[in-house]
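Within every chain, numbering begins at 1; the chains are lettered A, B, ... in the order of the sequence lines, protein sequences first and strands thereafter. Not measured: the values here are computed from a predicted model.
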Amino acid sequence: MIKINVASVWVDDQAKALDFYTDKLGFVKKTDIPMGGDARWLTVVSPAVPDGVELLLEPDGHPASRQLKDALVADGIPFTQFAVDDVYAEHERLTGLGVAFTQEPTDLGPVVTAVLDDTCGNLIQLATMK
Amino acid sequence: MDADLFKALGDATRRTILDELVERDGQTLFEICGRLTMKHGLTSSRQAISQHLAVLEEAGLVHTRREGRYKFHHVDTSPLRAIVERWPIDAEEADS
């Protein structure tokens, strides 16, 4: 049986990314292994699912990844999505922590979404299914 | 200018884009596409929506604003004034 164990986001600075994804978003660090050079195999998980899918905070060292990220951000397109219990409450909490949103909570029928800037070069969608 | 304005208004998808921007001014391309798909069942590609926005911008009905790395779209209804200036709305009827 094949399973998804990690999903990646490309980050411009792993230490900064770890701070943002833990201190602001609320994930917890799962794995941190030096990979040579400055790179680390650095993952975080949701405290609600500590043995669930890990989010790999992967260095965006390849020049093409920066180009792609810039193009996505300009059009407001999120790199990935996380589920939250209440987008409105999360938006208020994160805004209070200084997190910038490119899309305020928006009711789209079956789902409410918002889009934030992860400060590492990506936009991230938060979603609450109704 | 007139031709651009009426051309821009003569399309249901572009009118819906204006509706959504009136509901919330200052949206990314992604948000506009999401609203059209999820709220209106429109299946136009992102590319097609981008072209619709270009037509609206040409008519002066939409302006884009760069803020850092993001680009936001804003509605501007002021070109519509030319329509009622050209064909004034009867004041009595407008009051009723």
Side-chain angles (χ1 to χ4, degrees), chain A residues 9-13 16-17 20 60 63-84 87-88 91-92 94-95 98-130, chain B residues 4 7-8 11-77:
Chain A
V9 286
W10 292 333
V11 299
D12 59 6
D13 180 317
K16 182 178 71 173
F20 183 87
D60 66 359
S65 72
R66 300 281 180 100
Q67 279 182 7
L68 172 64
K69 288 170 70 176
D70 286 345
L72 292 178
V73 169
D75 283 338
I77 300 170
F79 195 84
T80 191
Q81 166 178 300
F82 304 126
V84 292
V87 166
Y88 297 101
H91 170 262
E92 196 176 333
L94 291 168
T95 303
V99 175
F101 281 74
T102 61
Q103 181 193 308
E104 308 281 296
T106 306
D107 190 334
L108 296 174
V111 63
V112 182
T113 65
V115 179
L116 61 84
D117 187 325
D118 79 349
T119 72
C120 301
N122 306 291
L123 299 179
I124 300 291
Q125 177 159 275
L126 300 182
T128 301
M129 299 303 291
K130 288 191 194 166
Chain B
D4 284 345
K7 181 190 170 200
D11 177 274
T13 300
R14 289 198 284 273
R15 293 194 296 272
T16 305
I17 291 172
L18 293 178
D19 290 340
E20 289 300 326
L21 286 174
V22 166
E23 185 177 307
R24 178 189 288 156
D25 196 27
Q27 295 182 35
T28 62
L29 176 62
F30 175 78
E31 178 171 356
I32 293 167
C33 290
R35 284 166 172 258
L36 294 179
T37 305
M38 300 291 293
K39 292 177 70 180
H40 301 279
L42 296 172
T43 52
S44 310
S45 66
R46 189 174 285 136
Q47 176 95 356
I49 300 304
S50 199
Q51 283 166 1
H52 281 309
L53 285 165
V55 174
L56 289 166
E57 194 166 3
E58 192 74 14
L61 291 165
V62 165
H63 298 298
T64 56
R65 176 177 59 89
R66 280 231 165 233
E67 184 185 317
R69 303 172 65 219
Y70 328 126
K71 190 168 108 180
F72 294 104
H73 300 81
H74 293 263
V75 67
D76 179 358
T77 53

- Identify which of B:R46, B:E23, B:R66 forms the greatest number of heavy-atom pairs closer than 4.5 Å to chain A.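 Winner by heavy-atom pair count: B:R46.
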Of the non-hydrogen atoms in [X] and [Y], which two are nearest, and what is the gap between them?
| X | Y | result |
| --- | --- | --- |
| A:G76 | B:F30 | O-CB, 3.0 Å |
| B:Y70 | A:L123 | CE2-CD2, 4.1 Å |
| B:T28 | A:D75 | CB-O, 3.8 Å |
| A:D107 | B:K39 | O-CD, 4.1 Å |

- Does atom CD of A:Q81 have more than 12 heavy-atom neighbours, drawn from other residues, nucleotides or ligands, at distances under 6.0 Å?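 Count over threshold, so yes.
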- Hey, is NZ on B:K7 packed in by over 12 heavy atoms from elsewhere, all under 6.0 Å?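 At most 12 heavy atoms, drawn from other residues, nucleotides or ligands, come within 6.0 Å of this atom.
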- Task: Mind ranking A:V111, A:T106, A:D70 by heavy-atom pairs under 4.5 Å with chain B and telling me who comes out on top?
- Result: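 The candidate making the most pairs under 4.5 Å is A:T106.
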- Message: Between A:L72, A:V115, A:V73, who has the most heavy-atom pairs with chain B when the cutoff is under 4.5 Å?
- Response: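 Looking at each of A:L72, A:V115, A:V73 in turn, A:V73 comes out on top.
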- Query: How long is the span from the CD atom in B:E31 to the OG1 atom in A:T102, to the nearest 0.5 Å?
  - Reply: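 Answer rounded to 0.5 Å: 8.0 Å.
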- Test item: A:Q103 and B:R24 side chains (from C-beta on) under 4.5 Å apart, heavy atoms: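 Of all side-chain heavy-atom pairs linking B:R24 with A:Q103, at least one is under 4.5 Å.
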- Task: For residues B:M38 and A:T113, determine if any side-chain heavy atom of one lies less than 4.5 Å from a side-chain heavy atom of the other.
- Result: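 Result no, sub-4.5 Å side-chain heavy-atom pair not found.
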- Task: Could you look at B:Q27 and say if it's the side chain, the backbone, both or neither that has a heavy atom under 4.5 Å from chain A?
- Result: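 Interface part for B:Q27: neither.
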- Query: Heavy-atom distance under 4.5 Å to chain B: side chain of A:E104, backbone, both or neither?
  - Reply: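 Answer is both: backbone and side chain atoms of A:E104 are under 4.5 Å from chain B.
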